[in-house]
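Residue numbering restarts at 1 for every chain, and letters A, B, ... go by the order of the sequence lines.
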Amino acid sequence: MATHALQTFPVQPGLKLSDPLGTIWGVLVALVLDADGAGRWQKLHDDGTPAGPAMVASSLASAVASLERARPRWVWADTSEVYPVLLAAGVRVDRCWDLHLTEALLLGVEGRHREPKELAGALARVLGLPAPADAGPPKKDDALTLFGPEPVVLPGDTDPLAALSLVFRAQQRNPALGLLIAAESASALVAAEMTFHGLPWREDVHNRLLQEVLGPRPAPGQRPKLLQALADEIQEAFGGREMNPDAPASIVKAFARAGIEVPSARRWVLKKVDHPAVKPLLDYKERARLWVAHGWSWLDTWVEDGRFRPDYVVGGVVTGRWASRGGAALQIPRLMRQAVIADDGWCLVAADASQLEPRILAALSGDERLIEVCGDDDLYAALARDSFKGERPRAKIAMLSAMYGGTSGEAGPLLAVLRKRFPIAVGYVEDAARAGEQGRMVRTRLGRTSPTPSAAWQELTGGADESGESSSSSRQAARNWGRFTRNFVVQGSAADWTAALLGVLRTKLPADAHLVFFQHDEVLVHCPRADADAVVEAIAAAGREATRLLFGETSVRFPMNAVPVTCYADAK
DNA sequence: ACTCCCTGCGCC
DNA sequence: AAAGGGCGCAGGGAGT
């Protein structure tokens with residue numbers, strides 16, 4: 001089958017350039033940071049051409065604070081490099097244009113995805129900035145290949161400030177991405193602010209939890225007491241023969257010696273096994289996980305002065321979700337959320353968008369029947385009443401299978417029911433899957449574009465053999481990519497929605513309220529108790545605004561649960 | 001001693 | 001019950 005890499009999956013038209021995330025146009029100020037904390041700035045016209053002389057700011061903070069009174073859009077290379085410096089100096093800004101994130105989005109839409117590291121290096125070189133240590137080797141024609149289709153030609157000695165202006169101009173090449181770029185850039189501001197403020201984290205509570213689960217902190221190289229006791233019990237159950245519960249291969253071997261063949265040592269596999277070692281083994285795994293991933297050394301490394309400060313990586317996931325670097329910030333175990341406690345006199349407003357992805361699918365596809373189901377706060381319950389004899393678990397499996405491409409178990413028949421009742425919604429994700437299988441790109445609501453499959457994939461799926469049959473590995477590769485694109489449109493559009501939410505929310509919060517955590521579809525705001533009601537209202541308003549920005553006057557409901565709590569574990 | 005892959009599991 | 005999407009991280013173990 002021929003592939004048409006540049007043929008795109010249909011996108012909804014009609015997105016507007018100006019938006020409450022801040023007018024794209026208006027006052028623009030390019031800013032370059034110098035090594036010693038000083039900086040240089042220059043006003044730009046709407047089209048990116050310089051609107052005044054380049055200025056040197058010996059005190060960056062006061063210069064930026066002063067210029068910020070006009071609410072400009074700051075144009076800079078990389079928010080994650082520049083903004084932390086400003087925040088540390090006590091300066092908050094309203095809006096920005098992040099050249100790095102923007103270029104990644106533009107290249108993606110043009111079918112020219114680049115590895116993040118490689119792009120960082122290329123941009124740094126073009127902008128005359130120090131390249132990150134792990135950037136790839138320079139390419140001679142970086143400037144020419146980055147900013148197509150009209151290449152930017154920069155003389156080798158171009159001043160960084162002038163380079164900002166030129167690159168910004170080149171980045172006006174796809175006006176349809178305006179809202180996405182604004183939302184992505186605003187997300188980068190949020191991410192830096194979250195790291196700056198930090199997530200409140202009570203070391204004493206964390207230590208108490210560890211004591212309960214593992215016993216006292218062991219000497220280095222030693223197992224915690226309670227884990228050792230379980231390890232002994234497991235070995236006893238296996239007849240006393242040497243085995244290591246931390247090594248999956250050792251577990252499989254131990255069961256084999258006991259006459260039980262298990263394909264792996266995964267929890268759900270072992271759960272089904274009838275053997276006295278299973279219970280202590282599962283217990284061991286659960287506790288050991290906390291020790292290894294969120295134990296004392298995690299606490300030593302990541303929590304300081306009562307705050308957990310991971311780095312968030314905006315756009316770190318191809319779908320547009322954030323990633324994180326350090327401290328497994330997006331995988332905080334539920335148990336450990338007990339350590340997330342508001343400061344005295346403050347509270348945490350915990351908010352999540354309930355069942356975001358199916359609602360996104362309803363709005364994307366415009367399936368009237370699914371939109372009606374979205375009228376219920378519990379979408380799966382409503383779906384169950386509509387199509388699955390009130391059986392909520394089945395309704396949920398059916399919906400998840402549609403969005404993830406699941407086929408196993410009862411997913412197939414359940415999906416068939418869903419397809420019959422909601423042909424438009426299911427058709428939407430199945431079109432996306434077909435596009436992926438054929439090597440075409442798909443897009444999210446705001447235009448973020450899926451990568452083109454690798455050359456190896458193209459090769460593998462590119463043709464039939466002499467008998468006209470495609471190989472099973474070829475079909476499998478195609479199906480795998482189809483599952484990816486199927487999910488991409490939903491997960492990615494949900495990420496669009498949350499990016500818009502974050503961008504709007506940070507402008508609506510009371511001055512002392514800080515966004516301190518964000519995880520795919522939930523946010524935590526740390527604020528004085530007196531501000532709690534205002535924060536709840538701001539979150540609700542931001543949710544409505546995000547919905548309007550993505551989908552206009554849709555009737556799809558996106559309920560936000562927002563509740564003030566003292567402790568994160570008390571939310572939900 | 002170091003890197004790299006695999007396994008397994010935490011989160012959405 | 002089991003296996004579909006996206007991640008980060010740590011330990012084990014193999015390879016260098």
How would you label the contact of [X] with the nucleic acid (heavy atoms, under 4.0 Å): base, sugar-phosphate, or nothing?
| X | result |
| --- | --- |
| A:Arg267 | sugar-phosphate |
| A:Arg394 | nothing |
| A:Ala265 | sugar-phosphate |
| A:Val490 | nothing |
| A:Glu357 | nothing |
| A:Ser408 | sugar-phosphate |
| A:Gln491 | base |
| A:Ile397 | base |
| A:Leu400 | nothing |
| A:Gly316 | nothing |
| A:Ala411 | nothing |
| A:Ser324 | sugar-phosphate |
| A:Ala293 | nothing |

Checking side-chain polar atoms at under 3.5 Å, does [X] have a donor or acceptor matched by the opposite partner on [Y]?
| X | Y | answer |
| --- | --- | --- |
| A:Gln228 | A:Asp232 | yes |
| A:Ser80 | A:Asp78 | yes |
| A:Gln355 | A:Asp378 | yes |

By nearest atom, which of the nucleotides [options] is closest to the [X] side chain?
| X | options | value |
| --- | --- | --- |
| A:Val317 | B:dC12, C:dC7, C:dG13 | C:dC7 |
| A:Pro248 | C:dG12, B:dT7, C:dG6 | B:dT7 |
| A:Gln519 | B:dC12, C:dC7, C:dG12 | B:dC12 |
| A:Val292 | C:dG11, C:dA2, B:dC12 | C:dG11 |
| A:Arg321 | B:dG8, C:dG5, C:dC7 | C:dG5 |

Roughly how many Å is it from [atom1] in [X] to [atom2] in [N], rounded to a whole number?
| X | N | atom1 | atom2 | answer |
| --- | --- | --- | --- | --- |
| A:Phe308 | B:dG10 | CZ | P | 17 Å |
| A:Ile251 | B:dG8 | CD1 | P | 8 Å |
| A:Arg289 | C:dG8 | CZ | C1' | 9 Å |
| A:Leu330 | C:dG6 | CG | P | 16 Å |
| A:Asp246 | C:dC9 | CG | C1' | 15 Å |
| A:Met399 | C:dG4 | CE | P | 20 Å |
| A:Lys253 | C:dG12 | NZ | C1' | 12 Å |
| A:Asp311 | C:dC9 | CG | P | 10 Å |

Any donor-acceptor N/O pair, A:Ser493 side chain to A:Ile360 backbone, under 3.5 Å:
no
Indicate yes or no for a side-chain donor-acceptor contact from A:Thr195 to the backbone of A:Pro310 under 3.5 Å, with no hydrogens or angles considered.
yes
Please give the nucleotide sitting opposite C:dA3 as a Watson-Crick or G-U wobble pair, both distances under 3.5 Å, or none.
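Answer to the pairing question: none, since C:dA3 forms no Watson-Crick or G-U pair.
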Scan every strand shown for a Watson-Crick or G-U wobble partner of B:dC9, both distances under 3.5 Å, and answer none if you come up empty.
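B:dC9 is paired with C:dG8.
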Could you tell me whether A:Glu304 and A:Arg309 make a salt bridge, using a distance below 4.0 angstrom between a side-chain N and a carboxylate O?
no
Would you call A:Arg385 and A:Asp376 a salt bridge, taking side-chain N to carboxylate O under 4.0 Å as the test?
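Yes, this pair counts.
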From the options A:Trp298, A:Tyr568, A:Phe517, select the one residue that forms a ring pair (Phe, Tyr, Trp, His ring centres under 6.0 Å) with A:Phe308.
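That would be A:Trp298.
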Does a side-chain N or O of [X] approach OP1 or OP2 of [N] to a distance below 4.0 Å, or not?
| X | N | result |
| --- | --- | --- |
| A:Arg266 | B:dG10 | no |
| A:Arg483 | C:dG4 | no |
| A:Lys271 | C:dA2 | no |
| A:Lys285 | B:dG8 | no |

Tell me whether B:dG8 sits syn or anti, counting syn as a glycosidic angle within 90° of 0.
anti
Want to settle it: does A:Phe484 or A:Gly409 sit nearer the 5' end of DNA chain C, counting the closest nucleotide to each?
A:Gly409
Applying the 5.5 Å / 30° rule, does A:Tyr404 stack onto the base of C:dG4?
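No, A:Tyr404 does not stack on the base of C:dG4.
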